[in-house]
Amino acid sequence: RQYREEAVDRYIAEHKLEEEIQILVKAGEEEVRRHWPRIPPKVINELAERKARERVAERMPGLQSWEAFARHARSKEKP
């Protein structure tokens with residue numbers, strides 16, 4: 001998990017996506033508030049930030065999801 005977070009951080013910095021992340025977070029916060037208006041602002045921000053980073057990660061070539069990585073690792077263990 002830490003590897004993935006660090007890879008996304010590097011990708012954001014290398015591609016100068018900080019402004020895009022801010023836009024995605026703001027839009028995400030609005031969406032979360034519509035669905036769950038009683039959630040504390042800090043939690044809303046955390047959820048929106050996580051979703052924004054996931055959207056960026058989906059565009060990253062070669063970065064596997066945890067699920068894909070685990071499936072691959074399990075397939076190597078089987079005889």
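Note that these values count all heavy atoms, side chains included, but never hydrogens, waters or copies made by symmetry.
- Each of V25 and L47 belongs to its own hydrophobic cluster when Ile, Leu, Val, Met, Phe, Trp and Tyr are linked at side-chain heavy-atom distances under 4.5 angstrom.
- Considering only residues two or more places apart in sequence or on other chains, E18 meets the side chain to side chain contact (heavy atoms under 4.5 Å, CB included) condition with I12, A13, K16.
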Taking only distance into account, with no hydrogens and no angle test, what donor-acceptor pairs under 3.5 Å do side-chain atoms of residues 49-60 form with protein atoms, sequence neighbours excluded?
residue : atom : partner : partner atom : Å
R53     : NH1  : D9      : OD1          : 2.7
R53     : NH2  : E5      : O            : 3.1
R53     : NH2  : D9      : OD1          : 2.8
R59     : NH1  : E20     : OE2          : 2.7
R59     : NH2  : E20     : OE1          : 3.4
R59     : NH2  : E20     : OE2          : 3.4

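- The two residues G28 and A48 have their closest heavy-atom pair at C-CB, 3.6 Å.
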Side chains of residues 30-45: which donor-acceptor partners sit under 3.5 Å, not counting sequence neighbours?
residue : atom : partner : partner atom : Å
N45     : ND2  : E29     : OE2          : 2.7

